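Take a look at the structure below.
Read the numbers this way: they start at 1 and go in the same order the structure lists the ligands and their atoms. Along the sequence shown, residues are numbered consecutively beginning with 1. Here the structure is a predicted model, which means the values were calculated and not measured.
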Amino acid sequence: MDKLITIERHINDTQKQYPHATGTFSNMLQDIALAAKLISLETNRAGLVDILGMTSTHNTSGERQQKLDMFADNVIFQMNDHTGRVAAMVSEEHEDLIEIPVEYDTGNYVLLYDPLDGSSNIDVNVSIGTIFAIHRKFTKGEKGTIEDVLQEGKRLVASGYVIYGSSTMMVYTTGQGVHGFTLDQGVGEFVLSHPDIRIPDDPAYYSANHGSEIEWTEGVRHFTRWLQGRGDDAGPKLKQRYIGSLVADVHRNLLKGGVFYYPGTLQDPGKPYGKIRLLYEAQAMAYIISQAGGYSSDGVGDILNIRPHTLHQRSPVFMGNRDLVKKAEDFIRAHDAEWIAAYKDYRNRELIL
Ligand code: P6P
């Protein structure tokens with residue numbers, strides 16, 4: 001029998017490479033893995049209840065989904081609020097910075113998370129996911145502050161996601177490569193199934209919502225035709241796969257090679273910044289992609305270099321194989337000067353404290 005490496009063992013083995021490590025950071029990753037197990041259990045049940053609740057689909061699935069988002073948010077909060085490892089949190093479900101309750105000690109890290117991304121897909125049994133990112137607190141004082149969470153992605157100490165699909169997988173990086181663990185429901189352990197994930201050099205797919213194509217800028221349309229192998233400068237002729245769940249779409253391109261993009265638009269209502277949230281979606285996935293040998297851009301430059309200005313700030317996203325994403329930047333640079341100006345105006349806003 002192959003050596004069974006649980007996520008706890010993998011985290012501890014990685015920690016041993018850092019003699020001065022206190023274990024705080026490793027314990028935090030294990031807290032997140034435990035939260036993922038609890039969310040996985042509930043997510044599967046939600047699917048079951050949907051089936052049982054077919055006669056009252058609306059109440060069950062609608063109520064359940066809302067409960068499920070809040071359930072996942074609460075599980076992650078409860079797993080981290082009392083440990084003395086975290087100084088503040090940011091969640092997609094909370095408008096403001098989440099402080100640590102006064103009765104608990106604070107720690108040296110801040111946790112940013114999307115507890116259940118794509119939850120609108122649960123009632124059609126499509127994979128959804130949890131996304132997390134961890135920064136080191138750098139401000140003085142006990143409490144985590146807005147500056148501690150509004151750091152560039154290049155300063156992340158860890159990020160990862162959990163995908164609740166045909167199986168539950170947790171994929172994370174601490175800057176030492178990307179590693180995937182599959183939940184063995186029998187023993188309730190995440191077991192190493194995808195060591196040292198590297199994005200394949202030969203891409204297979206592109207993932208974008210063609211339903212929004214009419215809103216795309218000229219450069220993004222040229223990029224898409226290039227991906228499809230059309231036009232003079234014919235590109236790789238990739239297959240299109242899109243499931244409308246960020247974690248599932250990016251996970252597929254990470255394992256098979258390709259590019260996911262959700263661009264900004266100028267059509268009315270103009271959203272030059274796109275839809276994906278920077279702090280707890282784009283940055284977290286971009287760190288994973290970069291550690292797996294890929295690249296992530298907002299269409300102008302590296303997502304990991306963006307200086308955030310607000311908690312729920314959005315960013316256009318092109319992520320996957322480096323050469324594909326760089327090609328997107330080339331097409332945008334050549335055709336989308338107006339969009340670039342509008343987006344930079346949004347991206348370069350000053351941090352408002
Ligand atoms: P659209 C899910 O709601 C989400 O935030 C991401 O998970 C996903 O990539 C995107 O929205 C899908 O958006 O506009 O294509 O339905």
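- The heavy-atom pair separating Gln283 from Ile306 by the smallest distance is NE2-O, 4.4 Å.
- Ionic pairing of Lys327 and Asp323 is not present here: no N-O contact between side-chain nitrogen and carboxylate oxygen is shorter than 4.0 angstrom.
- Counting only N and O atoms by type, the side chains of Tyr242 and His210 include no donor and acceptor under 3.5 Å apart.
- Interatomic distance, CD1 of Ile39 versus CG of Asn44, reported as 12.0 Å (0.5 Å rounding).
- Residue Ser127 holds its OG atom at 12.0 Å from CG of Asp117, rounded to the nearest 0.5 Å.
- Residues His135 and Val149 come closest through the heavy atom pair CD2-O, 4.2 Å.
- When hydrogens are left out, the protein atom nearest atom 14 (O) of ligand 1 is Tyr262 OH, 2.7 Å; that is the closest non-hydrogen contact.
- Close approach of ligand 1 to Gly244 is summarised as follows: ligand atoms under 4.0 Å from at least one heavy atom of the residue are 2 (C), 8 (C), 12 (C).
- The heavy atom nearest to atom 5 (O) of ligand 1, considering only Val250, Ile128, Asp117, is found in Asp117.
- Using a 30° and 60° split on the angle between ring planes, Tyr261 and Phe318 fall in the parallel class, below 30°.
- Ligand-side atoms of ligand 1 in range of Asn209: 1 (P), 14 (O), 15 (O), range being under 4.0 angstrom from any heavy atom.
- Contact annotation: Asp249 has no heavy atom less than 4.0 Å from any atom of ligand 1.
- Close approach to Tyr242 involves these atoms of ligand 1, each under 4.0 Å from a residue heavy atom: 1 (P), 12 (C), 13 (O), 15 (O).
- Between Gly118 and ligand 1, no pair of N/O atoms sits closer than 3.5 Å.
- Nearest protein heavy-atom contact of atom 3 (O) of ligand 1 is Lys275 NZ, 3.7 Å.
- Those atoms of ligand 1 with a heavy atom of Leu246 less than 4.0 angstrom away are 6 (C), 7 (O), 8 (C), 9 (O).
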